[in-house]
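Structure first, commentary second.
Residue numbers begin at 1 in each chain, while the letters A, B, ... track the order of the sequences.
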Protein chains: 2
Amino acid sequence: MAVKEMYEKYLEKISEVSLFQGIKRLDIEAMLNCLKPIVGHYKRSDYIVNGGDKYESIGIVLKGSATVSKENAAGNRSVMTLLKQGDIFGEIVAFSSVMTWPATVQAQEACEVLFLPRGKIIGDCERMCSWHRIFIQNFLRIISERAILLNKKVEYLTIKSIRAKICAYLLDQSKKIGSEKIVLPLNRNELADFLNVSRPSMSREMGKLRDEGVIDFHLTAVEILDFQALKNNMSE
Amino acid sequence: MAVKEMYEKYLEKISEVSLFQGIKRLDIEAMLNCLKPIVGHYKRSDYIVNGGDKYESIGIVLKGSATVSKENAAGNRSVMTLLKQGDIFGEIVAFSSVMTWPATVQAQEACEVLFLPRGKIIGDCERMCSWHRIFIQNFLRIISERAILLNKKVEYLTIKSIRAKICAYLLDQSKKIGSEKIVLPLNRNELADFLNVSRPSMSREMGKLRDEGVIDFHLTAVEILDFQALKNNMSE
DNA sequence: CTAAGTCGGTATCTGAGGATACAGAATATG
DNA sequence: CATATTCTGTATCCTCAGATACCGACTTAG
């Protein structure tokens, strides 16, 4: 079967993408037949999509890595996310009325990218194939989680003082893993970036918290010594 | 028909909700039959849902208005959104793995709220009824647009200087309506809040921009005099 | 082993912006 | 029309956090 051959070599990778989670291999073949995706190959530094280009499909990184960047009206570009194998991009505008790519995606290493036409995702086929329901459910889950993440980010960014940001972040992390001993998933630079503050200022504040006996830390290992103090500091 | 009678008085309002956009009145009746929503009535100040409660349904405000608020670990609450008639809440967690309400919703005036069970939205019915496709499409659109909005908010919040925030905001507004004369949709307090800065500081900066001849303004009426200068200021 | 690069902690200096206060303009209320 | 209230612009003061620089600890490559 032509289709099978066409996508055969991608099947392995595709089946690992979260969008296809819970769908049987055989069904995925049927889906590809129905969705008619396109596979693109890119060299390092190639532009995969350009901000402002016509938007037609969501993208899935099958191999390699890429950066998502956006430039403001003044013309300086800033990297928003790093895409790795299995990551999806363009999914939040797929069902909006936005008709152009809101950001630029550029290959960081050689990439293979699968494009699914936006219109095909809901499915034209009258008989809503069984896999289609799972697929849509996955899609909704992914986009929801993205929104939740964004919400969280807005929360952190809205906090005024560096001290309060750190306290909020540490509390969240600690709650997430259920322990007062945390291993930060980010290094100082990345964390400072995430909280939108400068690294030295953050280090200074962390030092103060340590001096006050609220936390202790060495590199990415952080221990919360005084939960109450952390909570008190969150609000200021 | 029992169902028809049950929902009859809400039908008018429900059909105006964006989630049901493009679905015929008759189909909506069928949907309600299938979705089995619950209608709740609340007095002013009643809690509609409490943060931390078990999450089971998305909510739609049929009548009245309500506030969405969240409290941080320290215990102070901050209002995140104001819900009006036709607004939806809880939609971003509906398809995530989150099992509890992430925020508290409280009636600001007497409210009627429709709750749609999260599980019913994708639809169990094998024969994916025609309206169901449109419904899911609407749902995806709504959640996408929410994510886009959040993205935009993150962009503004990430900008460091007040001046750059103002410039970015004014440029966006101007682009949106396609004119250099803008009537701000927010008063000074609200705008300062939105940009996460203090009102006097914002006014000070706007004053400077006026002194420099970049903009002119009187209350909510703003005119951009020098687009180039605005763009230059965005990046700093 | 040396050299170069990265990462984290710390000190100094400076300025952007927050808090507060107040007055005049605009709007609402009787 | 008079009064009250909300909204906006502006000045003063002062703190928090950014920029920069430097050092020591590790890591990697040659």
Rounded distance (Å) that lies between atom C1' of dG8(C) and atom CD of Glu190(A)
13 Å
Minimum-distance nucleotide (side-chain atoms of Ser161(B) versus dG8(C), dT10(C), dG17(C)):
dG17(C)
CG of Asn189(A) versus C1' of dG8(C): gap in Å, rounded?
9 Å
Taking the six-membered ring of Tyr169(B) (Phe, Tyr or Trp), confirm whether the NZ or CZ of Lys165(B) is under 6.0 Å from its centre and within 45° of its axis.
no
Presence of Ser198(B) side-chain N/O under 4.0 Å of dG18(C) phosphate oxygens OP1/OP2
yes
Euclidean distance, atom CD1 of residue Ile166(A) to atom P of dG9(C) [Å, nearest integer]:
11 Å
Atom CG of Leu191(A) and atom P of dC7(C) are separated, to the nearest Å, by 14 Å
Determine whether Glu91(A) and Arg146(A) satisfy the following criterion, salt bridge (Lys or Arg N to Asp or Glu O under 4.0 Å), listing intermediate values before the conclusion.
CA-CA 9 Å; Glu91(A) 80 282 0; Arg146(A) 175 66 49 97; 3.0 Å; yes
I need the CD-P distance between Glu205(B) and dG15(C), as an integer number of Å.
15 Å
Would you say Arg199(A) reaches dG8(C)'s phosphate, i.e. side-chain N/O to OP1/OP2 under 4.0 Å?
no
Nearest whole angstrom, please: distance from the P of dG17(C) to the CG of Leu195(B).
12 Å
Mark yes or no for whether Ser174(A), through its side chain, and Leu170(A), through its backbone, hold a donor-acceptor pair below 3.5 Å.
no
To the nearest angstrom, how far is Met202(A) atom CE from dT10(C) atom C1'?
14 Å
Taking for each residue the nucleotide of DNA chain D with the nearest heavy atom, is it Asn187(B) or Arg204(B) whose nucleotide lies nearer the 5' end?
Asn187(B)
Sub-6.0 Å ring centroid separation between Phe95(B) and Phe139(A):
no
First and last nucleotide of DNA chain D, 5' to 3', lying under 4.0 Å from heavy atoms of chain B:
dT8(D) to dT12(D)
Quick check: on DNA chain C, is the nucleotide nearest Arg188(A) upstream (toward 5') of the one nearest Val197(B), or the reverse? Name the residue that is more 5'.
Arg188(A)
How about Leu157(B) and Val154(A): do any of their side-chain heavy atoms sit closer than 4.5 Å?
yes
Begin from the C-alpha positions of Arg163(A) and Glu205(A) and carry the test salt bridge (Lys or Arg N to Asp or Glu O under 4.0 Å) through to its verdict.
CA-CA 6 Å; Arg163(A) 167 172 285 244; Glu205(A) 208 58 44; 3.0 Å; yes
Classify the nucleic acid contact of His218(A) as base, sugar-phosphate or nothing, counting any heavy atom under 4.0 Å across all strands shown.
nothing
Between Phe89(B) and Ile60(B), does the side chain to side chain contact (heavy atoms under 4.5 Å, CB included) criterion hold? Intermediate values first, please.
CA-CA 6 Å; Phe89(B) 58 95; Ile60(B) 302 175; over 6 Å; no
